[in-house]
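Proteins get letters first, then strands, A, B, ... in listed order; numbering begins at 1 in each.
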Protein chains: 2
Amino acid sequence: MIASETNPQMPEEWLACLKNHGHRITAPLKALVEILAVSSRALGPLELVELGRKSCPGMGLVTVYRALEKMEEAGLIQRVHQNQNCNMYLRAAHGHEHLLLCLSCGKIEFFSGDNLNELIGRIAQKSGFVIREHWLQLYGICSDCQEKDDNQ
Amino acid sequence: MIASETNPQMPEEWLACLKNHGHRITAPLKALVEILAVSSRALGPLELVELGRKSCPGMGLVTVYRALEKMEEAGLIQRVHQNQNCNMYLRAAHGHEHLLLCLSCGKIEFFSGDNLNELIGRIAQKSGFVIREHWLQLYGICSDCQEKDDNQ
DNA sequence: GTAACTGCAAACGCTTTGCACCAAG
DNA sequence: CTTGGTGCAAAGCGTTTGCAGTTAC
């Protein structure tokens, strides 16, 4: 099972978390939470206003930036780094998850179960570094996009 | 042995490579190559102009951007992604190298010898993705910075 | 000699800040 | 009622583009 299967109760949990962090639950924030909590793609500020305006017309771009700041600080979302755009956001990893990104459609799944301890120990010894964290991402083509390619 | 040990002949090889790509070898380009080919830290445009002006006074920031474009296109440098700044450049990885970054001083070493085939195969099977590439980075504290911390 | 490269200045686009009004609690 | 949040407009900042002069080859 892949961990990115969406959990329909998540938006409510996000709002509770944001409330706990001292933030008010406003319509724009709620709209953005409902988008980001279930998105299987990383989204940038411009996409987020556009999507957000569907349920919250007139939402300003500035509000998106401020909401992203709050959600990131609350540990709900993470910035996704890709070759080009590093300003896209996705729900934060739970525990020891890493990202698997589709190079064609941008879909992202989470995976876990890497065991890098042996490698990390070896590199630490060779380099003299004390290793604090690691960052692993896999890039490929998701099954939907493979089918699309086959049909062309 | 860590692969980032600098190779003194590298700047000349970079210039030959850039020439092969149809670029003229000018003073600013040469100065920037001499900096980037041997740097053990990722450098941003502003740091690069500043460093470049030591051997090439009056160098413009625009020239740095254009030189970076050429070097990246020629495969000589890569963009380094970090939590904050994603606009810093380092020599490109040779073959199957990955990065090991010092969180304290920014020093970067290359390492190789990861074996993720088993993991990649398992994730491919579970997710249905065809995996094309992977991206692995380790973050830690280098031995110099460990000593500094000890002395404080 | 010619075309690519340079540095400057202006333009551009994304992000942040200031502010008056609004609304959550 | 209080104060954090909103949307607008303006400012800020890193990057890109246009251009006339310069230089590699």
TODO: Could you tell me whether B:His98 and B:His96 have their ring centroids closer than 6.0 angstrom?
DONE: yes
Starting at [atom1] of [X] and ending at [atom2] of [N], how long is that distance when rounded to a whole Å?
X	N	atom1	atom2	result
A:Glu72	C:dT16	CD	P	11 Å
B:Asn85	D:dT15	CG	P	8 Å
A:Leu15	C:dA24	CG	C1'	13 Å
B:Leu29	C:dG7	CG	C1'	15 Å
A:Ile25	C:dA24	CD1	P	11 Å
B:Leu61	C:dG7	CG	P	10 Å
A:Met88	C:dC14	CE	P	13 Å
B:Glu47	D:dG14	CD	P	12 Å

TODO: Measure the spacing between CG of A:Leu99 and CD1 of A:Ile108 and express it to the nearest 0.5 Å.
DONE: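 Rounded to the nearest 0.5 Å, the CG-CD1 separation comes out at 5.5 Å.
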- [ ] Measure the CG-CG distance between A:Asn85 and A:Leu46 for me, rounded to the nearest 0.5 Å.
- [x] 10.0 Å
Quick one: which of [options] gets closest to the side chain of [X]?
X	options	value
A:Val62	D:dC8, D:dT15, C:dA24	D:dC8
A:Thr63	D:dT23, D:dT6, D:dT15	D:dT6
A:Arg66	C:dG7, D:dT6, D:dA24	D:dT6
B:Tyr65	D:dT15, C:dT6, C:dA9	D:dT15

When we call it a touch if two heavy atoms are under 4.0 Å apart, what does [X] touch: a base, just sugar-phosphate, or nothing?
X	result
B:Leu46	nothing
A:Lys30	nothing
B:Gly58	sugar-phosphate

Open item on the list: Reading DNA chain D from 5' onward, which residue's closest nucleotide shows up sooner: B:Lys19 or A:Pro57?
Closed with: A:Pro57
Open item on the list: What I want to check is whether the side chains of A:Asn83 and B:His81 have a donor and an acceptor closer together than 3.5 Å.
Closed with: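 No, B:His81 and A:Asn83 have no side-chain donor paired with an acceptor closer than 3.5 Å.
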Open item on the list: Quick one about A:Tyr139 and B:Arg132 (side-chain donor to acceptor, distance below 3.5 Å, no hydrogens or angles considered), yes or no?
Closed with: no
Open item on the list: Here's a test of your reading of the structure: between B:Arg24 and B:Pro28, which maps to the more 5' nucleotide of DNA chain C?
Closed with: B:Arg24
At under 4.0 Å, does any side-chain N or O of [X] touch on OP1 or OP2 of [N]?
X	N	answer
A:Thr26	C:dA24	no
B:Asn87	D:dT15	yes
B:His23	C:dA4	no
B:Lys70	C:dC5	yes

Task: A:Arg53 atom CZ: more than 12 heavy-atom contacts under 6.0 Å - done: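 Atom CZ in A:Arg53 is crowded, with more than 12 foreign heavy atoms closer than 6.0 Å.
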